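First up is the structure itself, then whatever we jot down about it.
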Amino acid sequence: MGKGFSGGALSFALAALLGPACALAQALEPRAYSNSPVGLNFAIAAYSHSAGGVAFDPSVPLENGDARVDALSLGYVRTLDVLGNAGSVALLLPLARFSGSATFNGVEESRTISGSGDPALRLAVNFHGAPAMTAAQFAGYRQGLIAGASLVLTAPLGQYDPARVVNLGTNRWSVKPELGLSQAAGPWTFELSAGGTWFTKNDDYFGGNTREQEPVYSAQLHVTRQLGRGTWAAVSATYYAGGRTSLNGVARDDRQSGSRFGATLALPLGGGHSLKLFGSTGLSARTGTDFDTIGVAWQYLWGADP
């Protein structure tokens, strides 16, 4: 199992960790379109600490937001044969503790909440350059150009209180389709992906209002270096834009745009276990949540079709 089968599986878990803290579009996902044998199972537990500024809806009299989020993401991933191509299905449950403060009508207020964020489902398939293979067949596989697609769906099942501005759940559905390319060149892999996140409306927003949001579009670039059997390091960058909101049909001046930079280091532990260290920071943010994040993820894999 030393060829690093865990790329796409764990990248989704790291993205889910950011769910309570920032938009999914800001998450960095190296190796999201790497290939793996059919029949692998992944159990994932990842912890992150995020800290930074929070931007609230312009209709709410809150400013100078500052927050800290400690998040735990639990997940399960299964690799699949999708019409002869390598695919996967992943389920993630984010848990988090949020502690923050903001100025409300000139007075500083603070709040601490703990609970679950919105669970997420990811379906992915690599439709070019990554055929479905058994573990024995995969031993002779050498990556060239991979092209793939994924769909992430989040459900409004997380902690939500309409009497509060800040919640761990969003009280709305979201869907993110994405296309990705991955090109290997010796020990290096270069990845590019682009997608958009669409949202349903929240008809039970703070103050009894209805809040809608336009799609957020994002693009990511990753450069990965294989350092040894099962060991790799990646640097990543993303740019996102869009997401203007409206309150009761009235558009707000809160269109988001920004960029982030991050790094990931993967280390095998033996016996199917591996560890990943990751971090990211905001390079620029016009409007939205601007967090610095560090974290660690444990993964255990088992099974594979012979």
Side-chain angles (χ1 to χ4, degrees), residues 4-34 36 42-52 67-77 88 90 92-98 117 120 122 124 150 152 176 178 180 182 187-193 195 218-228 230-240 258-269 273-283 285 289-301:
F5 299 158
S6 59
L10 184 56
S11 65
F12 177 49
L14 303 190
L17 276 169
L18 297 175
C22 62
L24 185 62
Q26 298 185 37
L28 295 165
E29 306 172 64
R31 297 172 61 90
Y33 294 94
S34 61
S36 298
F42 301 86
I44 300 166
Y47 164 79
S48 74
H49 174 77
S50 302
R68 292 156 300 284
V69 179
D70 292 288
L72 174 68
S73 183
L74 304 175
Y76 170 76
V77 185
S88 65
L92 267 297
L93 174 64
L95 307 171
R97 180 181 186 274
F98 174 97
R122 181 182 190 258
S150 65
V152 177
K176 181 186 179 183
E178 183 180 79
S182 176
W188 298 90
T189 303
F190 303 90
E191 301 165 278
L192 178 66
S193 61
S218 60
Q220 298 187 28
L221 176 65
H222 310 277
V223 179
T224 303
R225 177 65 156 84
Q226 198 73 31
L227 301 175
T231 304
W232 54 267
V235 292
S236 308
T238 184
Y239 175 78
Y240 59 93
S259 56
R260 294 187 65 82
F261 174 82
T264 305
L265 175 64
L267 302 168
L269 301 178
H273 300 269
S274 63
L275 202 64
K276 287 183 175 64
L277 309 175
F278 59 93
S280 65
T281 186
L283 297 179
T289 302
D290 186 14
F291 267 78
D292 295 325
T293 298
I294 57 172
V296 59
W298 163 85
Q299 177 181 271
Y300 176 67
L301 67 88

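Owing to the predicted nature of the structure, the values given are computational and were not obtained by experimental measurement.
Taking 4.5 Å as the limit, every side-chain heavy atom of R31 sits out of range of all side-chain heavy atoms of H222. Residues L275 and H273 fail the side-chain proximity criterion, which asks for heavy atoms closer than 4.5 Å. No side-chain heavy atom of S236 sits under 4.5 Å from any side-chain heavy atom of Q220. Using a 4.5 Å heavy-atom threshold, the side chains of V235 and F261 count as touching. Using a 4.5 Å cut-off on side-chain heavy atoms (C-beta onward), P30 and F278 make no contact. Using a 4.5 Å cut-off on side-chain heavy atoms (C-beta onward), R260 and T293 make contact. Using a 4.5 Å heavy-atom cutoff, the side chains of T224 and E191 are in contact. Looking at V69 and F291, their side chains come closer than 4.5 Å, going by heavy atoms from C-beta outward.
The distance from the OH atom of Y300 to the CZ atom of F42 is 12.0 Å, given to the nearest 0.5 Å. I294 contributes atom CD1, which lies 9.0 Å from atom OG of S48 (distance to the nearest 0.5 angstrom). Taking NZ of K276 as the start and CH2 of W298 as the end, the distance is 12.0 Å to the nearest 0.5 Å. To the nearest 0.5 Å, the span separating OG on S73 from OH on Y47 amounts to 13.5 Å. Taken to the nearest 0.5 Å, the OG atom of S150 stands 7.0 Å off from the CD atom of E29.
Listed here is the closest heavy atom pair of V296 and L277: CG2-CD2, 3.6 Å. The two atoms that bring Y33 and S182 nearest to each other are O-CB, 4.3 Å, heavy atoms only. Of all non-hydrogen atoms in A297 and A46, the two that sit nearest each other are CB-CB, 3.5 Å. R122 approaches A32 most closely through the heavy-atom pair NH2-O, 3.4 Å. For G117 against L93, the heavy-atom pair with the smallest separation is O-CD1, 4.4 Å. Listed here is the closest heavy atom pair of P94 and L92: CD-O, 3.8 Å.
Here the side chain of T238 pairs a donor or acceptor atom with the backbone of A219 at under 3.5 angstrom.
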